[in-house]
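Small disclaimer: the values here were computed from a predicted structure and weren't measured. Below, all heavy atoms of this structure are taken into account, side chains as well, without hydrogens, waters or symmetry copies. In each ligand, atom 1 is the first atom listed, and ligand 1 is the first ligand listed. In this chain, residues are counted from 1 in sequence order.
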Amino acid sequence: MGHEYNHIKLNTENTLWTLTINRPKALNALNGEVLDEMGQFLRQISEMEFEHCRGLIITGEGPKAFVAGADIKELNSLDEAGARVFAQKGQRVFQELNLLKVPVIAAVNGFALGGGCELALACDFIYATSSAKFGLPETSLGLIPGFGGTVRMARAIGIRATRELVFSGEMISAEEGMRLGLVRRVFETSEEMMVEAKKKMEMIFTRGPLAVASAKNTVNRVYDMDIDEALKYEASSFSKLFQSDDVREGTQAFIESRKPVFKGN
Ligand code: CAA
């Protein structure tokens, strides 16, 4: 990769990447260094062609935590200006994740609290083990979420459930997360979860890469627009794909009752 990372582990199987947050002794808490490393890695894969990267799974090292939040020891020493810089750094990295052209699955294998829950929210969808716990416990520290939690949680589960979660700081189970629409699927073990996350990615990889990238971009972008602007954006994304060979191949393959061979151009 040309980069040495201390707090994240990377693995690649063909075009599927897995990023593991690797500070298990601190329950994978996000300090400035972890965020910097994640940012560097995301910039690297954002420049890759589809032949090198079609998808990313994010998980946490060890049996206990996905990510137990921003590093509270680091927060403890911040003044107002430092806190703004820290929040902006986390928000920037998570926004880069959100805007990555390939799909990203959060595989949540334990605590996903505070910044960890916000990291999962910045991914495209969330798989979880039955023992996973989600929450935005910042008010118990005298804080509020600062890596996009107030913004993305309301978009994920609605503003009323978000108020209850954020004001109380209480944790919820993966099952409850599923009822709220935060979690897509729950698995007994993290091994099973990883197998199913990979299977889902492999399935998505059979689709047109440009189409998946456009679908991700369009779904994410139109969400915050008014309906006229949103529909215009959709029509524009839809029509742009007609410049690609993949549209010809996909439609022609259907007509000829065969499987399409997409080239990502
Ligand atoms: N930051 C720094 N260290 C953390 C941490 C965090 N967010 N969460 C856990 N750790 C460390 C603990 O300090 C402990 O380290 P030591 O062994 O050196 O003492 C180690 O990880 C193991 O943790 P516990 O002993 O606490 O494990 P537990 O099983 O008793 O409890 C837990 C697990 C309920 C997740 C508990 O660790 C906890 O409540 N963690 C903090 C969760 C939290 O408040 N997160 C929000 C952070 S603020 C934030 O994220 C702001 C934002 O939006 C940007």
Does any pair with a residue in residues 68-85 pass side chain to side chain donor-acceptor pair (under 3.5 Å), and if so which ones, sequence neighbours excluded?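 Those involving residues 68-85 are Arg23-Asp71.
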
The protein residues that pass the under-4.0 Å heavy-atom test against ligand 1 are Lys25, Ala26, Leu27, Ala29, Lys64, Ala68, Gly69, Ala70, Asp71, Ile72, Lys73, Leu75, Phe111, Leu113, Gly114, Gly115, Glu118, Pro137, Glu138, Leu141, Pro145, Gly146, Phe147

Taking all atoms of both residues into account, what is the closest heavy-atom pair of [X] and [Y], and its distance?
X      : Y      : result
Pro260 : Gly250 : CB-CA, 4.1 Å
Glu33  : Asn6   : OE1-ND2, 4.4 Å
Ile126 : Leu182 : CD1-O, 3.5 Å

* **Carboxylate-amine/guanidinium proximity below 4.0 Å for Glu49 and Arg54** =>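 The answer is no: the pair does not qualify as a salt bridge.
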
- Task: May I ask you to decide if the ring planes of Phe147 and Phe86 are parallel, tilted or perpendicular, using 30° and 60° as cut-offs?
- Result: tilted

